[in-house]
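Worksheet: one structure, shown below.
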Amino acid sequence: MKITKLTTYRIPPRWMLLKIETDEGIVGWGEPVIEGKARTVETAVHEFSQYLVGQDPRRINDLWQVMYRGGFYRGGAILMSAIAGIDQALWDIKGKALGVPVYELLGGLVRDRMKTYSWVGGDRPADVIDGIRKLREAGFDTFKMNGTEEFGIIESSAAVDAAVQRIAEIRDAFGNQIEFGIDFHGRVSAPMAKALLRELEPYRPLFVEEPVLAEQAEYYPRLAESTSIPLAAGERMFSRFEFKNVFQAGGINIVQPDLSHAGGITECVKIAGMAEAYDVALAPHCPLGPIALASCLHVDFVSYNAVLQEQSIGIHYNKGGEVLDYVLNKEDFKIENGYIKPLPKPGLGVEVDEQRVIEASRNAPDWTNPLWRHPDGSVAEW
Ligand SMILES: O=C(O)[C@H](O)[C@@H](O)[C@@H](O)[C@H](O)CO
Ligand SMILES: [Mg+2]
């Protein structure tokens with residue numbers, strides 16, 4: 001079997017799908033994208049095609065190493081997202097060629113269903129109580145929200161109190177009938193993270209995510225010493241070589257590699273295994289589309305330490321497109337009481353509505369995240 005063609009489709013709301021065709025008519029789909037830099041990743045995908053066209057798509061490990069090492073420079077959000085989407089498509093082809101779901105190629109199921117969580121509130125956490133109420137009716141009992149709005153390097157006690165009050169109201173309203181993670185989203189600096197974690201301690205969130213920016217990873221162990229709240233990170237780490245340092249330094253209890261940013265299934269299965277060796281849980285990051293979610297699920301279903309899966313149905317980013325809009329086998333993505341079952345169809349298990357993708361790609365928006373500023377006019381972390 002030989003790879004014959006790579007085609008990319010940038011589609012609403014902010015995703016990109018990759019179609020890899022072969023000379024045997026088997027097609028694989030991937031989702032290589034960095035939110036806000038889709039065109040850059042698209043260029044990277046097509047630059048990688050020189051290593052791929054004419055090659056056997058079933059030699060995933062070799063093609064992965066060629067893409068990672070062959071161009072001298074490596075790593076980072078753009079190249080690892082391009083590799084991720086290509087890798088997903090190659091696994092899709094291999095599974096389809098053998099007539100089995102990808103998780104079968106990775107050793108089979110380690111669980112029968114996977115717990116998922118939903119986002120509530122938006123960029124500026126608001127109406128979270130109402131959001132939780134609505135999603136509980138849909139059977140969810142685990143949620144995530146942003147912890148703050150813009151947050152200064154040194155921030156007022158009033159801003160800290162506002163962030164804590166929001167969480168207190170959740171516990172007042174629902175007690176521990178629900179659980180929730182709080183995403184600091186990299187908005188909180190090291191000095192304030194310790195203070196905010198201290199004030200959040202009594203409300204026992206399930207985890208605090210990106211307590212500081214990934215480039216401040218040396219603070220993870222120090223922050224972990226100051227709190228009993230599990231700390232989570234990983235969406236802005238792009239290979240096992242980055243995660244290695246975090247595992248060795250300690251402090252992170254839940255790693256959240258993104259299957260469309262951290263090198264794909266081939267890389268994230270390795271990260272999951274490394275995490276297990278350090279007694280670290282896996283909760284793949286996925287605010288993206290159906291191929292990314294399917295790729296996460298295949299890793300979840302073969303990873304003993306997978307505990308939670310982010311899924312973006314209804315997430316505040318999905319303006320103009322929803323996760324299942326481009327999927328024909330919507331029934332396979334049914335979430336019951338917050339759990340999803342293994343995707344049964346061969347490959348990644350996503351039957352892509354190609355016509356819908358092509359139509360939607362005709363005028364895809366160039367989504368970018370908002371540029372936030374502090375009251376003094378300086379740039380604020382979004
Ligand atoms: O936890 C999450 O889903 C992420 O922090 C998410 O909000 C961001 O990755 C966003 O997609 C960036 O554009
Ligand atoms: Mg996050």
Side-chain angles (χ1 to χ4, degrees), residues 10-16 31-41 77-78 80-81 84-85 116-126 128 131 135 140 142-151 180-188 193 196 205-217 220 229-238 246 252-262 268 281-293 295-296 307-323 365-372 380-382:
R10 281 176 285 103
I11 55 176
R14 56 179 195 158
W15 308 331
M16 179 162 71
E31 190 171 333
V33 70
I34 277 285
E35 306 94 292
K37 293 286 183 300
R39 288 179 186 269
T40 316
V41 176
I78 301 300
M80 295 309 286
S81 296
T116 69
Y117 66 86
S118 261
W119 265 88
V120 288
D123 275 349
R124 298 177 188 284
V128 291
L135 284 164
F140 286 98
T142 307
F143 308 91
K144 184 165 84 176
M145 65 211 73
N146 279 308
T148 73
E149 299 187 270
E150 296 89 342
F151 215 69
F180 55 86
I182 304 170
D183 195 344
F184 281 10
H185 219 252
R187 298 172 183 172
V188 181
L196 200 43
L206 204 55
F207 58 86
V208 163
E209 179 173 323
E210 286 202 316
V212 290
L213 285 161
E215 53 260 49
Q216 302 292 353
Y220 292 150
I229 299 172
L231 300 181
E235 68 184 75
R236 286 188 270 193
M237 294 159 61
F238 305 106
V246 166
I252 289 296
N253 311 105
I254 304 167
V255 284
Q256 304 169 301
D258 184 301
L259 266 286
S260 282
H261 299 346
C268 289
L282 174 76
H285 173 257
C286 189
L288 294 172
I291 307 289
L293 177 57
S295 301
C296 290
V307 292
L308 266 181
Q309 178 58 52
E310 180 177 21
Q311 58 77 31
S312 67
I313 297 170
I315 200 170
H316 45 294
Y317 303 122
N318 289 358
K319 306 281 187 290
E322 254 306 343
V323 175
D366 284 320
W367 182 92
T368 56
N369 60 270
L371 178 61
W372 281 8
E381 294 289 350
W382 166 67

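By convention here, the first residue in the shown sequence is residue 1. Atoms within each ligand, like the ligands themselves, are counted from 1 in listed order.
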CD1-NZ distance between Ile78 and Lys37, expressed to the nearest 0.5 angstrom: 7.0 Å
For ligand 1, the portion of Phe184 having any non-hydrogen atom under 4.0 Å away: neither
Ser312 side chain to Leu288 main-chain N or O, any donor-acceptor pair under 3.5 Å? yes
For Glu35, the ligand 1 atoms with a heavy-atom partner under 4.0 Å come out as 9 (O), 10 (C), 11 (O), 12 (C), 13 (O)
Does ligand 1 have any atom that is closer than 4.0 Å to a heavy atom of Lys144? yes
How far is atom 8 (C) of ligand 1 from its nearest protein heavy atom, and which residue and atom is that? Glu235 OE2, 3.5 Å
Kindly say whether Ser260 contributes a backbone atom to a donor-acceptor pair with the side chain of Ser81 at under 3.5 angstrom? yes
CG of Leu308 to NZ of Lys144, rounded to nearest 0.5 Å, is 9.5 Å
So, the side chain of Arg187 versus the backbone of Thr148: is there a donor-acceptor pair under 3.5 Å, distance only? yes
Are any of the heavy atoms in Glu210 under 4.0 Å away from ligand 1? no
Answer yes or no: does an N/O atom from Glu209 fall short of 3.5 Å to an N/O atom of ligand 1? yes
Starting from atom 13 (O) of ligand 1, which protein heavy atom do you reach first, and at what distance in Å? Arg14 NH1, 2.9 Å
I need the OE2(Glu209)-the Mg ion (ligand 2)-OE1(Glu235) angle, rounded to 10 degrees. 90°
In the protein, which heavy atom is nearest to atom 6 (C) of ligand 1, and how far is it? Tyr317 OH, 3.5 Å
By the definition side chain to side chain contact (heavy atoms under 4.5 Å, CB included), identify the one residue from Leu196, Leu231, Leu213, Asn146 that meets it with Phe184. Leu196
Main chain of Pro284, side chain of Glu310: is a donor-acceptor contact present, judged purely on distance under 3.5 Å? no
Residue, atom name and distance, where the atom is the protein heavy atom closest to atom 3 (O) of ligand 1: Glu310 OE2, 2.6 Å
The protein heavy atom nearest to atom 2 (C) of ligand 1 is His285 NE2, 3.2 Å
Contact atoms of ligand 1, heavy-atom distance to Pro287 under 4.0 Å: 3 (O), 11 (O)
In the structure I gave you, are the side-chain heavy atoms of Cys286 and Gln311 within less than 4.5 Å of one another anywhere? no
How does Asn369 reach ligand 1, if at all, at less than 4.0 Å between non-hydrogen atoms: by side chain, backbone, both, or neither? neither
Is there a donor in the side chain of Glu235 and an acceptor in the side chain of His185, or the other way round, less than 3.5 Å apart? no
With only distance considered, is Trp382 within less than 3.5 Å of ligand 1 through an N or O on each side? no
Side-chain donor or acceptor of Glu31 paired with backbone N/O of Gly289 under 3.5 Å: yes
Atom nearest to the Mg ion (ligand 2) - Asp183, N, O or S atoms considered: OD2
